[in-house]
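In what follows, every chain begins at residue 1, and chains take the letters A, B, ... in the order their sequences are listed.
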Amino acid sequence: MNALKKLFGGNTRQFGMIFALVALIVFFEIFTEGRTLTSGNVINLFNGNSYILILAIGMVLVIIAGHIDLSVGSVAAFVGVCVSLFIRDWGLPWYIGVLMGLGLGVLIGAWQGFWVAYVGIPAFIVTLSGMLIFRGANQFVGKSNTIPVPADFQYIGSGYLAEFGPKTGYNNPTMLIGLLAVAFVIFSEIRSRRNAKKLGAEVPEAWVMVLKLVLVCGAILYATYLFATGRPGTSFPVPGLILAVLIIVYGFISSKTVIGRHIYAVGGNRHAAELSGVQSKKVNFLVMMNMSFLAGLAGMIFVGRSTASGPFDGVGWELDAIAAVFIGGAAVTGGVGTVIGSIIGGLVMAVLNNGLQLLGVGADLTQIIKGLVLLIAVAFDVYNKTQGKKSIVGMLMKNFGRSSEIKADETTQTKEVISRGI
Amino acid sequence: MTSLNTHSDPLILEMRSITKEFPGVKALADVSLRVKAGEIHAICGENGAGKSTLMKVLSGVYPYGTYTGDIVYQNEVQEFKDIRASEHAGIVIIHQELALIPELSIMENIFLGNEPTKRGVINWAEARTRSTELLARVGLREDPDTPIKEIGVGKQQLVEIAKALNKSVKLLILDEPTAALNESDSQHLLDLMLGLKGRGITSIIISHKLNEIEQIADEITIIRDGKSIETLNVKADGVDEDRIIKGMVGRTLESRFPDHEPKIGEVLFEVKNWNVGHPQIQDRLVCKNSNFFVRRGEIVGFAGLMGAGRTELARSVFGRSYGRFISGHVYKDGKELQLRSVRQAIDAGLGYVTEDRKSLGLNLLDDIKATTVSANLRKISKNFVVDANKEYAVAEEYRKSLRTKTPSVEEGVAKLSGGNQQKVVLAKWMFTDPDVLILDEPTRGIDVGAKYEIYGIIQKLANEGKAVIVISSELPELLGLSDRIYTIFEGAITGVLNKDEASQESLMKLMTSARKTA
Ligand SMILES: Nc1ncnc2c1ncn2[C@@H]1O[C@H](COP(=O)(O)OP(=O)(O)OP(=O)(O)O)[C@@H](O)[C@H]1O
Ligand SMILES: [Mg+2]
């Protein structure tokens, strides 16, 4: 138990999530008789969910800051239709269209951010209104028609990395990315370990690190293999690449930069943050703006994938994104959450969706199951905090007959935090 | 409500070799506590000694099974599984942080979770008569319908006690009840405790104000580093403050204030004709034409009663973080400053340590190292990227120099004892390296030893040529520390006294009169 904890830097919550995800994948792999972990399916899974995962990245920041954004689906749809029209009616090249779409997202975000941050209207209200406004606007400018986009624009939603270099039987750029990722993981782990040692902080034993690296790199290589051996003409999908870049960038911003710290500070205790010189209005404005920016991007990827923009694009996306964030361990009260957690939360939902589909479970049952999973995941979290047991893993380990230490500290601590919050 | 036992000095409570561990910390090791029925029993110890933890064990906050040892209460071994269970047995704890709901009325708070009902419907008529009764018992003259947020901390404390009395309390636990109270409110509370004792209610009190302990306690148990050191009988052993301190820190403390030879220079910081309006109420002023200055190397005290407007003055100067700015000028080194936001104030070299660390000073979700650097991220970041190594090093440095009691700087601040949280807040502001540092109740909830250290730190900052302003409700502290003291009454500065002319009496007179000195 302790060793496992060390394996993932003491972050049991995150570890529990990864564990659940792996368990889910194994479960479906067995029950779909191997149809889950095939190149085609995995590529599909990424293509079909990348836009929700992109939304989850923005949403987790919004939720950490203590807000919510209900308008993302409508904003995505509105940006999607506008870009399709720009390209079709004004004859703009696709990349100008993309840039204008991103700009439009920023403008919409500035509009919503203004009301939230500077007028002080709760984001729930502002974005509920935005949900109506931009849905209506999508149908107004698009006259409720579908508007096709040209093939080169479709590349951002359904393209693959092009083949180059020697004929290896694998897709070379995909392999390259995989190897770079492995190198980066090893390098950064060793570096952070060295730094921690230098500072005299406690570091886990060497074998723990090696085991961790083997597991993580193994997973990356296996995924690389799957992506690189797909049907000819397929490889690592472009939306997946965009997503990967965003995860790295936003993961870095949220955990390592000043503005990232400020977002957590504002969500954790706004007054204390303000008295420490944090400009909370600016922070709130930026998070809301960023959310719509990413929503615009997600909308365009979706349009690219479905080859046309339509009046019902993005319906219900906000709920998927919010669910991903909460499964990923964020707190409704703000101040807690991680980008990577939300991505894992989103993947749990995606794998569930995909697996149930492969098993031929209908949309009705799938919804019921997804709803229950959300509830149970968060309930586990709350239960673990109040019972003082350590997360899902702790529960699992207990069933394996090992003693699970009781950690009362977590109990009272949450209670205290809650009672103080009142 | 009276003790049923007949033989002399029966014990109402005995805690036997209680041990309580948190991950990485043994908060209590084999602690024993024996409380006689009908007495006032004090628990003393340094910050982080384990006092609050012991009381949380007793009251079921940490349920049976999470600690080892026995709790014998009214001659029975108890296994409380939560707070309700201990309340059922007549043990009520009033925590270091009050747990009242600001939006609800006094009456609603008193009956929260304990509502008198008639066929499932709350019987407000009965609640009203009972709360009027209870308020009379605790000596609080307020309408039961007044919202909690509209009464001061002192009165809130009394509401907590009324709430406890409503639960027919036999053993009342008060964790630092007077930390946030001024002298007259504290005195009222202590008198109330003596009154309760007269009615047979046993109390346990935790406090760092040793004069109060000496005044009301019958017995004192001293805890040091999670171990019970000794139990003193106040009358029989002739205990005084020095004796308690000796038990707490293991040695005698020569004096309460470190020696200090002030090196005062020219005027560094000056505020002129400062007028600030109440944030909500249109025509009310919270600062009335205030003028003050602080010189380099000088420690200036602000004395005033609770609600006199000291905090309001400080916060309005600190980047207009309180109230509506009306008029006034701020000068540093003779140059006028425009401080429109906290950011500008910090950049201009000001620092403000709040009196309300829980809601204004800390993000309880953060760890110690993030908190320490949170007001000066710039200093440890390059191109907006925070250098985690520097962060750790800085936090570690302050942990050592302030002697914060924690297993590591990666611990969450919510897990620290009250006094150690205060040290982290202090560290946060020291790290901004301000030229002008305003400290609002800097030693609230801090033990004698740590107070001495903090005074030393304040004097060191002054010796470095900084201007320090100390706001405090404890007059002895202001008298011992300040080179000059301003008195404030109802938002106006009513006088200023030099160290040699100031005394409790002279200050008190200025703090309670509207007399204006030129
Ligand atoms: N929930 C917790 N998790 C981990 N450690 C804790 C927790 N609560 C308290 N501690 C640790 O236990 C020790 C005792 O804390 P406690 O709050 O009982 O001190 P205290 O005597 O009340 O101090 P103070 O006078 O500052 O209030 C401290 O070292 C503290 O850091
Ligand atoms: Mg305490």
When only heavy atoms count and the cut-off is under 4.5 Å, which of residues 184-193 of chain A reach chain B?
none
Neighbours of chain B found in residues 252-261 of chain A - heavy atoms under 4.5 Å:
A/Phe252, A/Lys256, A/Thr257, A/Val258, A/Arg261
For the student: nearest non-hydrogen atoms of B/Lys428 and A/Ser276, plus distance
NZ-OG, 2.8 Å
Which distance, rounded to the nearest 0.5 Å, do you find between the CG of A/Leu275 and the CH2 of B/Trp429?
7.0 Å
The salt bridge (charged side-chain N to carboxylate O under 4.0 Å, His left out) partners of B/Glu108 (sequence neighbours excluded) come to none
Below 4.5 Å from any heavy atom of chain A, which atoms of B/Arg315 appear? Answer side chain, backbone, both or neither.
side chain
Do you know the tightest heavy-atom contact between A/Asn269 and B/Leu360?
ND2-N, 4.4 Å
More than 12 heavy atoms from other groups under 6.0 Å of NZ on A/Lys282:
no
Apply salt bridge (charged side-chain N to carboxylate O under 4.0 Å, His left out) to B/Glu312 and list each qualifying residue two or more places apart in sequence or on a separate chain.
none
Whatever's closer than 4.5 Å to a heavy atom in chain A on B/Ala370 counts as both
Check whether B/Asp366 gets within reach of chain A through its side chain, its backbone, both or neither, counting any heavy atom under 4.5 Å.
neither
Atom NZ of residue position B/Lys379 - does it have more than 12 heavy atoms of other residues, nucleotides or ligands inside 6.0 Å?
yes
Part of A/Gln279 within contact of chain B (heavy atom distance under 4.5 Å)
side chain
Give the C-alpha distance, both sets of side-chain angles, the deciding distance and a yes or no for side-chain contact (heavy atoms from CB on, under 4.5 Å) between A/Asn195 and B/Tyr392.
CA-CA 11 Å; A/Asn195 279 334; B/Tyr392 188 94; over 6 Å; no
Counting only non-hydrogen atoms closer than 4.5 Å, does B/Leu362 touch chain A with its backbone (N, CA, C, O), its side chain (CB onward), both, or neither?
backbone
Of the backbone (N, CA, C, O) and the side chain (C-beta and beyond), which part of B/Phe318 lies under 4.5 Å from a heavy atom of chain A, both, or neither?
side chain
Identify which part of B/Glu103 has an atom lying under 4.5 Å from any heavy atom of chain A, answering side chain, backbone, both or neither.
neither
Heavy atoms from other residues, nucleotides or ligands near OH of B/Tyr64 exceed 12 (cutoff 6.0 Å):
no
Pairwise distance OH(A/Tyr264) to CG(B/Asn363) - rounded to 0.5 angstrom
11.5 Å
Taking atom CZ of B/Phe384 as the centre, report whether more than 12 heavy atoms of other residues, nucleotides or ligands fall under 6.0 Å from it.
no
For the candidates B/Asn383, B/Asn389, B/Thr432, B/Ile346, which exhibits the highest count of non-hydrogen atom pairs separated by less than 4.5 Å from chain A?
B/Asn389
For B/Ser321, is it the side chain, the backbone, both or neither that has a heavy atom under 4.5 Å from a heavy atom of chain A?
side chain
Please state whether the side chain, the backbone, both or neither of B/Val373 comes within less than 4.5 Å of a heavy atom of chain A.
side chain
Of the listed residues (B/Ala393, B/Gly351, B/Ala27, B/Ser359), which shares the most heavy-atom pairs with chain A below a 4.5 Å separation?
B/Ser359
